[in-house]
Amino acid sequence: MTLTVPDTDLITLVRDGDVVVLSGAGLSTESGIPDYRGPSGAFKRNHTPMTYQAFTRDVVARRRYWARSFLGWRMISRAEPNDGHRAVAALQRNGLVGPIITQNVDGLHQAGGADDVIELHGSLDHVVCLDCGEHSPRLELDDRLRAANDGFGHDFDPDTVNPDGDVDLPEEHLDRFTVVDCTGCGGVLKPDVVFFGESVPKERVARCQQAVAEAGLLLVLGSSLTVYSGRRFVVQAKQAGIPVAIINSGPTRGDEHALVRIDAPLGSTLTALAAATT
């Protein structure tokens, strides 16, 4: 594949180095995890993401989340990095890409060989107790949920898995699900991710802002930039005179700020980019 870029040369920009990546759910679709706003995304199915307020205040909503997440974790935990993740890791090994800011919670950047990954919205592979603050592995919680819910959801549809790690599940199934609590204090467990309506920790935002401030290029991959949580870094780069390049299937809310805009599949495009800059 030959990578051609209208108006400016993305290859030259990347070869100059100091690239900071900002990735979104579109980078993981080729790993079998649907995005939010794509043609077959979660919002096309009228999926409503869990909010922090509902999770913390409503026992029924919390049970609904854990029932759905219990099933969704089956697919998320088995997902493997795709060509796009591996290409980003290759660019990083070659010294062209530095920090990677990801809005994804699936851990696939690291599984694909990348390091210096800032998980803006946290990661599904850990849980936190909202009462005592203890962090613990998701695999440990999964074992406990399996024991408490033997046979639950064996017939769920894998096509209903969402990027936040839960699945669409009929309400009548919820009464059969048992939620478990913190083994240390009996408190409420929450996935170590940032829900809608919840603020990203200030120190994490500051780390991202510092990375962008030192970038030679902000490369956005697979994000529609609809949520301000990620779009703020595009605005920051633009205001600082740092070039922005966007590779995404479909339009984004950052297109007006982009020096380079490519509408193409992520895996093949990033593989070509990595090869062209070697």
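Below, each value reflects all heavy atoms present in this structure, side chains not excepted, and no hydrogens, waters or symmetry copies.
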Closest non-hydrogen atom pair between [X] and [Y], with its separation:
X      : Y      : result
Phe177 : Leu145 : CZ-CD2, 3.9 Å
Pro191 : Leu124 : CB-CD2, 4.3 Å
Asp181 : Gly187 : CB-O, 3.3 Å

Residues two or more places apart in sequence or in another chain: which of them pass salt bridge (charged side-chain N to carboxylate O under 4.0 Å, His left out) with [X]?
X      : value
Glu198 : Lys190
Arg231 : none
Asp192 : none
Arg146 : Asp142

My understanding is that only residues two or more places apart in sequence, or in another chain, count here; which of them pass side-chain contact (heavy atoms from CB on, under 4.5 Å) with [X]?
X      : result
Asp143 : none
Ser31  : Asn82, His85, Leu108
Ser223 : Gln103, Val220, Leu225
Ala215 : Val20, Ile242

Query raised in the report: So, Asp116 and Arg207, do they make that salt bridge, N to O below 4.0 Å?
Result: yes
Give every donor-acceptor pair under 3.5 Å between a side-chain atom in residues 86-93 and any protein atom, sequence neighbours left out.
| residue | atom | partner | partner atom | Å |
| --- | --- | --- | --- | --- |
| Arg86 | NH1 | Pro81 | O | 2.8 |
| Arg86 | NH2 | Asp83 | OD1 | 2.8 |
| Gln92 | OE1 | Asp115 | N | 2.8 |
| Gln92 | NE2 | Gly98 | O | 2.9 |
| Gln92 | NE2 | Asp115 | O | 2.7 |

Query raised in the report: Are any non-hydrogen side-chain atoms of Asp263 and Ser249 less than 4.5 angstrom apart?
Result: yes
Requested in this report: State, with a plain yes or no, whether a side-chain heavy atom of Phe233 is found less than 4.5 Å away from one of Gln209.
Outcome: yes
Requested in this report: Please answer: with hydrophobic residues joined when any side-chain heavy atoms are less than 4.5 Å apart, are Leu218 and Leu96 in the same cluster?
Outcome: no
Report task. Only counting residues at least two apart or in another chain, list the ones meeting side-chain hydrogen bond (donor to acceptor under 3.5 Å, both in side chains) with Asp255. Result -> Thr252, Arg261
Identify each donor-acceptor pair in which a side-chain atom of residues 125-137 lies under 3.5 Å from a protein atom, sequence neighbours left out, and give them as a table.
| residue | atom | partner | partner atom | Å |
| --- | --- | --- | --- | --- |
| Asp125 | OD1 | Ser123 | OG | 2.8 |
| Asp131 | OD2 | Val188 | N | 2.8 |
| His135 | ND1 | Gly133 | O | 3.2 |

**Report entry** OG-CG distance between Ser23 and Asn104, expressed to the nearest 0.5 angstrom
**Finding:** 5.0 Å
Query raised in the report: When rounded to the nearest 0.5 angstrom, what distance separates CG in Leu189 from CZ in Phe55?
Result: 8.0 Å
Requested in this report: Decide side chain to side chain contact (heavy atoms under 4.5 Å, CB included) for Glu30 and Ser268; before the verdict, give the C-alpha distance in whole Å, the side-chain angles of both, and the deciding distance to 0.1 Å.
Outcome: CA-CA 10 Å; Glu30 293 177 37; Ser268 57; over 6 Å; no
**Report entry** Side-chain donor/acceptor of Arg144 to backbone N/O of Glu140, under 3.5 Å
**Finding:** no
Query raised in the report: Can you pull the side-chain hydrogen bond (donor to acceptor under 3.5 Å, both in side chains) pairs that have at least one residue in residues 50-63, sequence neighbours excluded?
Result: Arg63-Asp175
